[in-house]
Amino acid sequence: MPRIAIVGLACLFPGAPGLARFWQNIVDGVDAIGEVPPARWDASFYDPDSTAVDRFYCKRGGFVDEHARFDPLAFGIMPKIAGVVEPDQLLTLRVGYEALQDAGYDERPFARERTGVIVGRGNYVSAGVLRLEQHVRLLPQVLQTLRDLFPDISEEALAATRERLQREFSYYGPDMAAGLIPNLIASRLANRLDLHGPAYTVDAACASSLLAVEQACASLARGETDMMLVGGAHLTHDLTFWATFCQLGALSRSGGIRPLSADADGILAGEGVGMAVLKRLDDALADGDRIYAVIEGTGSSSDGRSSSLVAPSAAGQRIALDKAWSDLPFGRESIGLVEAHGTGTPTGDGVELDTLAAFFGPAEAGVERPVIGSVKSMIGHT
């Protein structure tokens, strides 16, 4: 694989409206974890002693509410539509533009027909779809329940109930339907930023954004594109998301996220958007781009058959590392930092540490070793 340069970066993460603050938070060790903002879900859903599907034993995570600003008119989007479109479509558009801006390509000309977009996004039920569910599924259920409980209720009363609920529900119409389709998140970027290369979304759960990077590197390596806008988005802190992860028992009961610690007891959900602009290194140097870093290799794998669908495997993880390292021009001993998955789950972290120990070898007296970290300790698991 040719060496791939990162020439632009932008982000929105808990406690960080942009790239400079995010990096400074890392340097300063800022803990951006907090309680669920009141507007997200009612406090009555929190019950640490309940196992009911509509009660959650955790109420802490990483949230971007205070920094989730979007100017629809600047991107040619009507404000009425912006209020009901999936938040990740709009915020990824903002951050994607900021990444191009950071790379200097908001003003410099570039080959738009050879510039693509790949965004990693898990297809969880999200805010916009839930609003649509109110109109399509919940409203008829409420009206039918009223008919069953009160057989003598008049059609006039039912019509008045329907009208009252529709007024209280968020707006839904044909002009905002596209804003609810998950895989259009990349298409909206291509449309608004006038990019004509491939534009699509990938879902590999926790690995979605990394797989997007790998796909983008492959496109550049094959010569199909000359520049790629790539990243990931996770902004789905709705009730169904919390219900799912509470039923899995994956959220921390102590309300703390402790990657790679023996005291870890689960994840804390985080959210955010991160985007990067990638080019082949030779092209970036020839074009005078500012280069943040160079991607030397990528690799991915699955665990195959194992004891559980969600249990990681050191053997499966080792395949990905071997692939990524297969053509690198330097040895493993030269690595300074391993940014770990580091979910904060005892099983997942234990397997990851076993993988790294096997791959990098045992500690040797007097030999410097890479340090291991996970930014999830600051912003939650996105």
Side-chain angles (χ1 to χ4, degrees), residues 1-12 19 75-77 85-86 88-123 178-179 181-205 207-235 272-300 324:
M1 185 185 87
R3 304 171 79 191
I4 304 298
I6 301 173
V7 300
L9 289 170
C11 67
L12 166 67
L19 186 66
F75 292 96
I77 298 173
V85 168
E86 294 288 17
D88 56 5
Q89 287 200 18
L90 302 181
L91 292 174
T92 303
L93 175 58
R94 186 196 103 185
V95 175
Y97 171 75
E98 290 172 351
L100 281 178
Q101 188 178 44
D102 183 66
Y105 287 105
D106 57 327
E107 297 179 349
R108 292 167 59 192
F110 62 97
R112 294 179 181 272
E113 71 279 4
R114 293 184 57 79
T115 300
V117 184
I118 307 177
V119 180
R121 182 201 185 278
N123 284 318
I181 301 174
N183 59 15
L184 288 186
I185 185 172
S187 300
R188 187 178 292 274
L189 278 161
N191 176 272
R192 292 292 84 196
L193 302 180
D194 194 24
L195 309 177
H196 297 266
Y200 58 92
T201 306
V202 296
D203 179 6
S208 296
S209 57
L210 292 178
L211 187 63
V213 170
E214 184 180 48
Q215 293 280 306
C217 289
S219 176
L220 290 166
R222 291 191 300 265
E224 297 173 349
T225 54
D226 292 334
M227 188 161 73
M228 292 295 294
L229 181 60
V230 62
H234 181 75
L235 296 160
V273 180
M275 299 295 291
V277 180
L278 308 183
K279 296 176 68 173
R280 288 179 291 271
L281 177 60
D282 289 346
D283 292 344
L285 291 171
D287 294 339
D289 295 314
R290 181 267 323 278
I291 297 172
Y292 281 105
V294 176
I295 300 173
E296 299 276 3
T298 66
S300 58

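Heavy-atom basis, side chains included; hydrogens, waters and symmetry copies ignored.
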task = For side chain to side chain contact (heavy atoms under 4.5 Å, CB included), just list the numbers for L100 and T115, CA-CA rounded to whole Å, side-chain angles, deciding distance to a tenth of an Å, and then say yes or no.
result = CA-CA 11 Å; L100 281 178; T115 300; 5.5 Å; no
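- Nearest heavy-atom pair across V117 and M228 is N-CE, 4.0 Å.
- Side-chain contact between R94 and V273: absent, with no pair of heavy atoms (C-beta onward) separated by less than 4.5 Å.
- A donor-acceptor pair is defined here as one N or O able to donate and one able to accept, closer than 3.5 Å; no such pair exists between the side chain of D102 and the backbone of G8.
- In this structure, the ring-ring contact (aromatic ring centres under 6.0 Å, His included) partners of F75, at least two apart in sequence or on a different chain, are F70, Y97.
- When side chains are defined from C-beta on, V277 does not count as touching F110, because their heavy atoms never get closer than 4.5 Å.
- To the nearest 0.5 Å, atom CG of residue L278 and atom CD1 of residue I118 are 9.0 Å apart.
- For the atom pair CG (L281) and CG (L220), the distance works out to 11.5 Å, reported to the nearest 0.5 Å.
- Atoms CD and CZ, on Q89 and R192 in that order, are 12.0 Å from each other to the nearest 0.5 Å.
- Nearest heavy atom pair, residue A103 against residue D289, reads O-OD1, 4.5 Å.
- Shortest non-hydrogen contact noted between A212 and G120 is CB-N, 3.9 Å.
- Salt bridge annotation for D226-K279: absent, with no cationic side-chain nitrogen under 4.0 angstrom from a carboxylate oxygen.
- Residue V119 forms a side-chain contact (heavy atoms from CB on, under 4.5 Å) with just one option from L189, L229, D88, and that option is L189.
- Inter-residue side-chain proximity for R280 and I4 is flagged as met; some heavy-atom pair is nearer than 4.5 Å.
- Of all the heavy atoms in G96 and L193, the pair that sits closest is C-CD1, 4.3 Å.
- Checked by atom type and distance alone, the side chain of R188 never pairs as donor or acceptor with a backbone atom of L90 at under 3.5 Å.
- If you take OG1 on T298 and CD on Q215, they are separated by 9.0 Å, rounding to the nearest 0.5 Å.
- Shortest non-hydrogen contact noted between A190 and A199 is CB-CB, 3.9 Å.
- The salt bridge (charged side-chain N to carboxylate O under 4.0 Å, His left out) check on D106 picks up nothing, with sequence neighbours excluded.
- Listed here is the closest heavy atom pair of V213 and V230: N-CG2, 3.6 Å.
- The side-chain heavy atoms of L184 and N191, taken from C-beta on, include no pair separated by under 4.5 Å.
- Under the 4.5 Å side-chain criterion, counting only non-hydrogen atoms from C-beta, T92 is not in contact with E86.
- Within the 3.5 Å criterion, the main-chain N or O of L235 finds no donor-acceptor partner in the side chain of R121.
- With sequence neighbours excluded, the residues that form a salt bridge (charged side-chain N to carboxylate O under 4.0 Å, His left out) with E296 are R3.
- Taken to the nearest 0.5 Å, the CG atom of L19 stands 9.5 Å off from the CD atom of E98.
- Atom CD of residue E214 and atom OG of residue S209 lie 12.0 Å apart, to the nearest 0.5 angstrom.
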